[in-house]
Amino acid sequence: MAENIQENEEKKNLNFIEEIVEEDLKEGRNGGRIQTRFPPEPNGYLHIGHAKAICMDFGIAKKYNGICNLRFDDTNPVKEDVEYVDSIQEDIQWLGFQWANVYYASDYFQQLWDLAVRFIKEGKAYVDEQTAEEIAKQKGTPTTPGTESPFRNRSVEENLRLFMEMSEGKIEDGKMVLRAKIDMANPNMHFRDPIMYRIITTHPHHRTGNKWKVYPMYDFAHGQSDYFEGVTHSLCTLEFEVHRPLYDYFIDQFADSDYRPKQREFNRLNITYTVMSKRKMLQLVQDGLVRGWDDPRMPTICGLRRRGYTPSSIRNFINRIGYTKYDGVIDVSLLEATIREELNTTAMRASAVINPIKLVLTNYPEGKVEMLEAINNPEDESMGKHEVPFSRELYIESDDFMEDAPKKYFRLTPGNEVRLKNAYIVKCTGCKKDENGKVVEVYAEYDPETKSGMPGSDRKVKGTIHFVSVQHAVPAEVRLYDRLFSVENPGDEKEKDFRELLNPNSLVIANAFVEPWLKNAKTLQNFQFQRIGYFNVDPDSTPDKLVFNRTVALKDSWAKIAK
RNA sequence: UGGGGUGUAGUCAAGCGGUAAGACAUGGCACUUUGACUGCCACAUUCGGCGGUUCGAUUCCGUCCACCCCAGCCA
């Protein structure tokens, strides 16, 4: 009963795209068929904004028993490369989605070209010989109408002849374009004789090579491609809203049936403290401000993967933020909360000391080693346990000792007792300092009756700290990541270039000591370093040199109190 | 002075004429061999403003305001 109610409630909470789809289904449009497409241009790596679109495009198809195709929108050879078509496919699949078919806009170059010829023959298109500047100038402005091109009223024959010359490579790049003859005074700028075809002879296309000398523009390719494929719902982001009338116009000119793909737009993803434009990301990569597209600080799918994010955490995040038409900015803490929530239940616990200071248990026998039992995950007993070595000399976090501590400090301070995780209760007896007064060693006495699991271990102490046995410690590099930018909306900043707003501490590399068990960790495996954060094994890691990335820190309410 | 969109808490977001869900964030308490997790509590007398219709408006109408998109031979 309760389950039914919940199910009903879930059903009711549809996003507006799902509402549209259900309405279309109810009305029996397209015979109940649902088909979407994910249409990336292969000119860069996918980022988390694309993940939102992917979840939408593939999600709608799956939910309504339809199909979603992957279509590369490869109409501009100047910017595109096969390197990207491969990475895009890899990232989509990693996210957990599978397309029904892979298509390319370039599959339709012939059809599109034939269509352009038809437009010319019907008097709906003309070849313009003006320069880009002239065309831009006579386009008018949003508030003033444009003026017509002097080439607008050429004869069909002349247009045909010139378009052939363009297509045969007889015309230099930029000298001519094919324009749709629509309305230079239209309040929608996209109707002011939009360019349908431009000449590109200087860059071979990554699939068709030098076969084509003219290439269709987005507006003359996207809707048609949708139509050719049988797309029912062409979902995209808000900035294409103003293209929609043109999308419909071009299809209406040649459609030979009642079927029409419908474009619908939703808000794109913005996240605080990062940028979400390919152009800016490319600059960061090219300027060497990050280590590459897969730098763990990047919002790319490959960057998030390397950072330690899982496909399910990204999907859950997208699920939580929803789809609307409101152009907002998501607080990055929501993304962080999503990965913490997942890793809390799935990541094995381990010990690592990042800012080590030596703790000597003065009453523990020299040379003695005990193997202690550590639970891999207190949230999930089935994840088992492993052994942790314990000895007289240990590394602890230097933050875990203070000579003069405030009253709320529950860690090591002379006279105070703390528990060493999975081990004994120890009482701090003092420390040794160098000539500058810097603490170099901390001393404590352990209570042999308080080993974890023994009856004496019941005694309550306020604090528990972690450690790594000095003689067993394995050195490891840890890469501590923070927000890439130091301002919430680096893209908003008008005065400064966004690159000046980078957080200088977005990457801090530290040398840590980790417990020996971690030597067996696999690439990309996630762990929780207890009391510190979630870390994964970087692909740079080797058996001789372990490298960990901090995915996200644990919440630290003490840090707030201490402030 | 144009056209297309959008305004509900710090950030997202439900709500579809019957008296403001949820998540994150924030603050507090409890629990804790992770100052984590978990649990509990607090957090919009009001939905951009002002009018109108109605017994009743966040929902309908009008008007004003704010913000976003459009003047690439990019997608």
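Labels below follow one simple rule: chain letters A, B, ... track the order of the sequence lines, proteins then strands, and each chain is numbered from 1.
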Considering only side-chain heavy atoms of A:Ile321, which listed nucleotide, B:U33, B:C12, B:C74, is closest? B:C12
Among side-chain atoms of A:Asp73 and A:Tyr104, is any donor-acceptor pair under 3.5 angstrom? no
Base, sugar-phosphate alone, or nothing: which one does A:Val329 contact when heavy atoms must sit under 4.0 Å apart? sugar-phosphate
When the P atoms of B:C68 and B:U34 are compared, how many Å lie between them, rounded to an integer? 48 Å
So, A:Asp128 and A:Gln130: side-chain donor and acceptor under 3.5 Å apart, yes or no? yes
Between B:G48 and B:U59, how far is it from one C1' atom to the other, in whole Å? 16 Å
Determine the stems involving RNA chain B; a stem requires 3 or more consecutive pairs of the Watson-Crick or G-U wobble kind, each with both distances below 3.5 Å, and the answer is none if no such run exists. B:2-7 with B:65-70, B:10-12 with B:22-24, B:26-30 with B:38-42, B:48-52 with B:60-64
Suppose you measure atom P in B:C50 against the same atom in B:U38; what distance do you get, rounded to whole Å? 41 Å
Testing B:A36, B:C24, B:G5 for proximity to the side chain of A:Ser557, the answer is B:A36
Candidate nucleotides B:A75, B:C70, B:C37, ranked by approach to the side chain of A:Pro142 - the nearest: B:C70
Over all strands shown, is A:Gly328 touching base, sugar-phosphate only, or nothing at heavy-atom distances under 4.0 angstrom? sugar-phosphate
Which is true for A:Ser333 with a 4.0 Å heavy-atom rule: it touches a base, it touches only sugar-phosphate, or it touches nothing? sugar-phosphate
On the 0 to 90° scale, with breaks at 30° and 60°, tag the A:Phe485-A:Phe498 ring pair as parallel, tilted or perpendicular. tilted
With a 4.0 Å cut-off on heavy atoms, is A:Glu373 in touch with a base, just the backbone sugar-phosphate, or nothing at all? nothing
Between the base of B:A75 and the side chain of A:His243, is one N or O donor paired with an acceptor at under 3.5 angstrom? yes
Remember a base hit wins even if backbone is also touched, and classify A:Tyr409 as base, sugar-phosphate or nothing at under 4.0 Å, heavy atoms. base
Rounded to the nearest 0.5 Å, what separation is found between the CG atom of A:Leu412 and the CG atom of A:Leu359? 6.0 Å
Within the structure shown, what part of the strands sits under 4.0 Å from A:Gln528 by heavy-atom distance: base, sugar-phosphate, or nothing? base
Looking only at atom C1', what distance separates B:A25 and B:A44, rounded to whole Å? 16 Å
Where the side chain of A:Asp556 is concerned, which of B:G35, B:A21, B:C73 is the nearest nucleotide? B:G35
Do A:Thr36 and A:Asp57 have side-chain N/O donor and acceptor atoms under 3.5 Å apart? no
Given the options A:His386, A:Gln528, A:Arg349, A:Asn376 meets side-chain contact (heavy atoms from CB on, under 4.5 Å) only with A:His386
Look at all strands and tell whether A:Lys460 reaches a base, only sugar-phosphate, or nothing, counting heavy atoms closer than 4.0 Å. sugar-phosphate
Could you give the distance separating B:G15 and B:C29 at their C1' atoms, to the nearest angstrom? 32 Å
Nearest 0.5 Å, please: how far is CG in A:Asp91 from CD1 in A:Ile48? 12.0 Å
Classify the nucleic acid contact of A:Ala132 as base, sugar-phosphate or nothing, counting any heavy atom under 4.0 Å across all strands shown. base
Stacking between A:Tyr218 and the base of B:A75 (centre distance under 5.5 Å, interplanar angle under 30°)? no
Any idea which of B:C74, B:G2, B:C24 is nearest the A:Arg320 side chain? B:C24
RNA chain B: A:Glu129 or A:Thr324, which has the more 5' nearest nucleotide? A:Thr324
Counting the atoms with a prime plus P, OP1 and OP2 as sugar-phosphate, which does A:Lys421 contact under 4.0 Å by heavy atoms, base, sugar-phosphate, or nothing? base
Once you round it to whole Å, what is the distance between C1' of B:C37 and CG of A:Asn377? 10 Å
Considering only side-chain heavy atoms of A:Asn344, which listed nucleotide, B:G35, B:C37, B:G4, is closest? B:C37
To the side chain of A:Ser452, which of B:C74, B:U33, B:A13 is closest? B:U33
Look at all strands and tell whether A:Gly453 reaches a base, only sugar-phosphate, or nothing, counting heavy atoms closer than 4.0 Å. base
Please confirm whether A:Trp558 and A:Tyr409 have ring centers closer than 6.0 angstrom. yes
Pull out every protein N or O sitting under 3.5 Å from an N or O of nucleotides 65-69 of chain B, one pair per line with the distance.
from, atom 1, to, atom 2, distance (Å)
B:C68, O2', A:Asp327, OD2, 3.2

Does A:Arg198 have a side-chain nitrogen or oxygen under 4.0 Å from the phosphate oxygens OP1 or OP2 of B:C74? yes
Heavy atoms from C-beta onward define the side chain here; which of B:G72, B:A13, B:U34 lies closest to that of A:Pro378? B:U34
Checking all strands, does A:Arg192 fall into the base, sugar-phosphate, or nothing category for heavy-atom contacts under 4.0 angstrom? nothing
Taking the six-membered ring for Trp, are A:Phe548 and A:Phe527 parallel (under 30°), tilted (30 to 60°) or perpendicular (over 60°)? perpendicular
Here the distance between atom C1' of B:G72 and atom CG of A:Asp173, to the nearest Å, is 15 Å
Looking only at side-chain N and O atoms, does A:Arg531 come under 4.0 Å of OP1 or OP2 in B:C37? no
Would you call the rings of A:Tyr84 and A:Tyr45 parallel, tilted or perpendicular if under 30° counts as parallel and over 60° as perpendicular? perpendicular
Is there a donor and acceptor pair closer than 3.5 Å between the side chain of A:Arg419 and the base of B:U33? yes
Distance criterion of 3.5 Å, no angle test: do you see the side chain of A:Arg244 paired donor-to-acceptor with the base of B:G4? no
Ring centers of A:Tyr103, A:Phe228 separated by less than 6.0 Å: no
Looking only at side-chain N and O atoms, does A:Arg37 offer a donor or acceptor that is under 3.5 Å from a partner on A:His222? yes
Upstream residue (5' side of RNA chain B) when A:Asn15 and A:Ala559 are each assigned their closest nucleotide: A:Asn15
Distance, C1' atom - from B:U19 to B:U8, rounded to whole angstrom: 15 Å
Looking at B:U1, does its base get a donor-acceptor pair with the side chain of A:Thr143 below 3.5 Å? no
Contact class for A:Asn267 vs. all strands (heavy atom < 4.0 Å): base, sugar-phosphate, or nothing? sugar-phosphate
Picking from B:C74, B:G10, B:G5, which would you name as closest to the side chain of A:Asp331? B:G10
Integer angstrom distance from the C1' of B:C47 to that of B:C31: 38 Å
Mind checking if A:Tyr326 touches a base, just sugar-phosphate, or nothing, with heavy atoms under 4.0 Å? sugar-phosphate
Which atom pair, heavy atoms only, marks the closest approach of A:Glu515 to A:Val388? OE1-CG2, 3.5 Å
Side chain of A:Met189 - closest among B:C70, B:C12, B:U34: B:C70
Going by the glycosidic torsion and a 90 degree boundary from 0, is the base of B:G72 oriented syn or anti? syn
Work out how far the P atom of B:G2 is from that of B:U45, and round it to whole angstrom. 36 Å
With ring pair (Phe, Tyr, Trp, His ring centres under 6.0 Å) as the test, pick out the partner of A:Phe240 among A:Phe266, A:Tyr247, A:Tyr218. A:Tyr218
Would you classify A:Lys560 as touching base, sugar-phosphate or nothing, given that sugar-phosphate means primed atoms plus P, OP1 and OP2, and contacts are heavy atoms under 4.0 Å? sugar-phosphate
